[in-house]
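Since this is a predicted model, take the numbers as computed values, not measurements.
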Amino acid sequence: APITLPDVMVSEWKARAQEGGTVNGRFIFPNGTTGLVMGPSEIMGDVTFENSNGVTIKGPLYIHGNLTIKSNTIIQEDPALGNQFIPIIVDGIVNISSNVSFLGSTSSTGAFLLVSTHSAVPGDDAAIMTSSNNSDLGRVVLYASDGDIHIRSNRTILAAFATHGTGTDSDDNGAV
């Protein structure tokens with residue numbers, strides 16, 4: 001049965017992201033794009049970080065489409081934010097490839113709250129899914145408000161919360 005998750009104020013974070021302005025369309029950042037700065041902002045389409053990108057997040061993001069983060073990409077919290085969570089709210093599916101790192105404002109402070117509001121996805125996919133072979137995603141909490149999370153082998157995360165999956169807890173389609 002679906003469970004009640006902790007309230008992470010999704011509506012509040014969407015509103016704060018919208019205060020930074022709205023971008024119509026989608027973003028695709030090609031391989032090796034570094035020095036990107038994002039947030040706070042609302043993005044009306046998909047966001048794709050190709051391989052080996054680097055981005056600093058300065059405030060909440062609200063993405064209406066899917067979020068794809070490919071290998072060797074670093075998502076860094078702006079150091080000015082100190083010991084705060086930076087939310088990234090995604091209405092679509094979140095797909096995180098191998099060797100992706102979420103870094104706090106310093107090595108010991110700050111973190112990301114990565115939320116998917118997408119429903120559970122049948123089969124091997126999920127509202128939030130990770131690839132194998134990344135020992136540590138870093139300072140990120142995964143939160144599927146209406147769906148499931150699939151974490152592949154060899155991963156370490158701070159925490160994961162999911163409402164429900166497409167199967168029972170004894171198979172690969174449980175909530176987490």
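- How far CD1 of I96 is from OG of S101: 11.0 Å, rounded to the nearest 0.5 Å.
- Nearest heavy atoms, A111 versus L158: CB-CD1, 4.2 Å.
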Pair up each side-chain donor or acceptor in residues 24-34 with any protein partner under 3.5 Å, not counting sequence neighbours, and list the distances.
unit_1: N31; atom_1: OD1; unit_2: N51; atom_2: N; d: 3.0
unit_1: T33; atom_1: OG1; unit_2: P30; atom_2: O; d: 2.6
unit_1: T33; atom_1: OG1; unit_2: N53; atom_2: OD1; d: 3.4

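- Summarising the geometry of S97 relative to S131, their closest heavy-atom pair is CA-OG, 3.5 Å, with the distance given to 0.1 Å.
- Here the side chains of L61 and S41 are in contact, with some heavy-atom distance below 4.5 Å.
- No side-chain heavy atom of I57 sits less than 4.5 Å from a side-chain heavy atom of E77.
- A donor-acceptor contact shorter than 3.5 Å links the side chain of T163 to the backbone of S145.
- The other members of the hydrophobic cluster of L103, by chain and number, are I74 (side-chain heavy atoms under 4.5 Å, ILVMFWY only).
- Between G147 and A162 the shortest heavy-atom distance is O-CB, 3.4 Å.
- The ring pair (Phe, Tyr, Trp, His ring centres under 6.0 Å) analysis of residues 65-96, with sequence neighbours excluded, yields no pairs.
- In this structure, the side chain of W13 engages the main chain of V8 through a donor-acceptor pair within 3.5 Å.
- E12 pairs by the salt bridge (Lys or Arg N to Asp or Glu O under 4.0 Å) definition with R16, not counting sequence neighbours.
- Listed by first and then second residue, the side chain to side chain donor-acceptor pair (under 3.5 Å) pairs involving residues 78-87 are K58-D78 (not counting sequence neighbours).
- Contact record, A144 with I149: CB-CG1, 3.8 Å, taken as the closest heavy-atom pair.
- Side-chain contact between I43 and Y62 is absent, with no heavy-atom pair separated by less than 4.5 Å.
- Using a 4.5 Å heavy-atom threshold, the side chains of D125 and I93 count as separate.
- Put simply, the side chain of L114 reaches to within 4.5 Å of the side chain of V94, judged on heavy atoms.
- Applying the salt bridge (charged side-chain N to carboxylate O under 4.0 Å, His left out) definition to pairs two or more places apart or across chains, those involving residues 82-102 are K14-D91.
- For the salt bridge (charged side-chain N to carboxylate O under 4.0 Å, His left out) condition, no pair includes a residue of residues 95-114, sequence neighbours left out.
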Any chance you could lay out the side chain to side chain contact (heavy atoms under 4.5 Å, CB included) test for L36 and T56, step after step, and finish with the verdict?
CA-CA 6 Å; L36 296 168; T56 299; over 6 Å; no
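- For S71, the side chain to side chain donor-acceptor pair (under 3.5 Å) partners two or more places apart in sequence, or in a different chain, are S98.
- A single hydrophobic cluster is seen to contain both L5 and V115, as judged by linkage of ILVMFWY side chains at heavy-atom distances under 4.5 Å, directly or through other members.
- The CG atom of L137 lies 8.0 Å from the CD1 atom of I151; values are rounded to the nearest 0.5 Å.
- With values rounded to the nearest 0.5 angstrom, I128 atom CD1 is found 9.0 Å from D148 atom CG.
- Between the OG1 atom in T117 and the NE2 atom in H64 there is a gap of 9.5 Å [rounded to 0.5 Å].
- When hydrophobic clusters are built by joining Ile, Leu, Val, Met, Phe, Trp and Tyr residues whose side-chain heavy atoms come closer than 4.5 Å, directly or via intermediates, L67 is not grouped with M44.
- Every pair passing ring pair (Phe, Tyr, Trp, His ring centres under 6.0 Å) that includes a residue from residues 108-132 is listed here, sequence neighbours excluded: F102-F112.
- Here the closest non-hydrogen pair linking S105 and G82 is OG-O, 2.5 Å.
- Here D146 pairs with nothing under the salt bridge (Lys or Arg N to Asp or Glu O under 4.0 Å) rule; sequence neighbours left out.
- By the side chain to side chain donor-acceptor pair (under 3.5 Å) test, E50 pairs with K70, sequence neighbours left out.
- Rounded to the nearest 0.5 Å, atoms OG1 (T68) and CG (D46) are 7.0 Å apart.
- Between the CD1 atom in I63 and the CD atom in E42 there is a gap of 11.0 Å [rounded to 0.5 Å].
- Contacts of T130 classified as side chain to side chain donor-acceptor pair (under 3.5 Å), with partners at least two apart in sequence or in another chain: R155.
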